[in-house]
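Shown next, in structure tokens, is the structure this report addresses.
Please read all numbers here as calculations on a predicted model, not as lab measurements.
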Amino acid sequence: MWRCCCCKYSHSSFTETTAALYDVKEGFIVFDKNKDGLISEDEICTVFRDMDMPISQDDAKFLIREFDLDGDGYLDFSEFVAFMKRYIRASGDNGSLSMFFHFDRDGDGFISPSEFKDSMKLLGVNLSTPEAEAMLSPFFKNNEKKICYDDFRILMQRFI
């Protein structure tokens, strides 16, 4: 049984790949602020700013140009999937490390269920504390309800 990160349900009929695609779709919904099925430069800037990782309009334009296969100036879902695949693979430790620092709200070097829940809320995903704990609990060590960077990186790789 595989539990997706963006909802409270376990999906025994989903393969891990299908569940990961479902999570990317949830990510697409977060970026697609006006719900038109396309992601614009402004929407990219807004989401990154909301995650405390602001990027310039030029950087957003570059991202779109790199993945916009049909040349319409926007990312549709299939182009967003390609972006997510390449970003996660290419970013390696650097991308997951910056994301870890975003989730580690108190800067103690660990992510608690409360920090995870709060960070996911900024991404448009509402989790309860028990749901956040359930997602992180496979990585808890020594009865401490927190995860380190290495475990966070493994957790994120499961969802993308």
Side-chain angles (χ1 to χ4, degrees), residues 2-9 11 13-107 109-111 115-127 131-132 135-136 138-139 147-160:
W2 200 87
R3 183 175 173 83
C4 74
C5 76
C6 295
C7 74
K8 60 184 176 180
Y9 304 106
H11 305 281
S13 62
F14 279 7
T15 64
E16 189 165 319
T17 302
T18 303
L21 188 59
Y22 178 83
D23 285 338
V24 172
K25 178 66 175 175
E26 292 293 315
F28 182 83
I29 290 168
V30 169
F31 275 85
D32 185 17
K33 295 292 188 188
N34 66 1
K35 309 301 179 210
D36 66 354
L38 300 170
I39 298 173
S40 69
E41 293 171 19
D42 289 337
E43 289 169 319
I44 290 172
C45 288
T46 297
V47 171
F48 276 85
R49 185 181 61 245
D50 290 349
M51 295 187 308
D52 294 328
M53 300 184 324
I55 65 170
S56 70
Q57 199 75 25
D58 287 340
D59 289 339
K61 185 179 290 192
F62 176 80
L63 281 174
I64 287 182
R65 257 188 277 138
E66 187 173 355
F67 294 96
D68 179 22
L69 299 177
D70 60 12
D72 65 355
Y74 299 91
L75 296 182
D76 62 25
F77 180 67
S78 64
E79 293 163 339
F80 182 76
V81 169
F83 159 71
M84 291 302 291
K85 282 182 180 178
R86 186 177 310 161
Y87 175 76
I88 294 302
R89 303 256 187 303
S91 65
D93 287 347
N94 293 334
S96 57
L97 185 58
S98 65
M99 188 180 289
F100 178 81
F101 288 133
H102 169 71
F103 276 73
D104 179 18
R105 314 288 282 171
D106 66 6
F110 296 93
I111 298 172
E115 290 172 315
F116 188 76
K117 179 183 90 167
D118 291 346
S119 296
M120 292 301 287
K121 185 174 184 176
L122 290 173
L123 297 172
V125 178
N126 290 315
L127 296 173
E131 289 169 331
M135 291 176 64
L136 300 180
F139 301 100
I147 65 171
C148 66
Y149 167 68
D150 289 334
D151 294 331
F152 177 78
R153 190 168 45 88
I154 292 166
L155 178 68
M156 290 298 103
Q157 288 172 347
R158 289 182 181 176
F159 295 121
I160 302 297

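Atom CE of M135 sits about 5.5 Å away from atom CE of M120, to the nearest 0.5 Å. To the nearest 0.5 Å, atom CG of residue D76 and atom CZ of residue F28 are 6.5 Å apart. Rounded to the nearest 0.5 Å, atoms CG (L38) and CZ (F80) are 12.5 Å apart. Remark: I154 CD1 to F139 CZ distance equals 6.0 Å, nearest 0.5 Å. In this structure, CG on D118 lies 12.0 Å from CD1 on I111, to the nearest 0.5 angstrom. Interatomic distance, CG of D68 versus CG of L75, reported as 6.5 Å (0.5 Å rounding).
Under the 3.5 Å distance criterion, the side-chain polar atoms of E41 are left unmatched by any main-chain donor or acceptor of I64. Put simply, the side chain of D42 never gets that close to the backbone of T46: no donor and acceptor are under 3.5 Å apart. Of the possible donor and acceptor atoms, none in the side chain of K33 sits under 3.5 Å from a partner among the backbone N and O of I44.
Ionic pairing of R153 and D150 is present here: one or more N-O contacts between side-chain nitrogen and carboxylate oxygen are shorter than 4.0 angstrom.
Here the closest non-hydrogen pair linking E43 and F31 is CB-O, 3.2 Å. Minimum interatomic distance between F116 and A132 (heavy atoms only, all atoms of both residues): CD2-CB, 4.0 Å.
Here the side chains of E79 and D70 are in contact, with some heavy-atom distance below 4.5 Å. Between R65 and K61, the closest side-chain pair of non-hydrogen atoms falls below 4.5 Å.
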Trace of the side chain to side chain contact (heavy atoms under 4.5 Å, CB included) decision for F67 with I39 = CA-CA 11 Å; F67 294 96; I39 298 173; over 6 Å; no
Full working for side chain to side chain contact (heavy atoms under 4.5 Å, CB included) between L63 and I55 | CA-CA 11 Å; L63 281 174; I55 65 170; 4.2 Å; yes
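Of the N and O atoms on the side chains of S56 and D58, not one donor lies less than 3.5 Å from an acceptor on the other residue.
Ring geometry for F103 against F152 counts as tilted: the plane angle lies between 30° and 60°, on a 0 to 90° scale.
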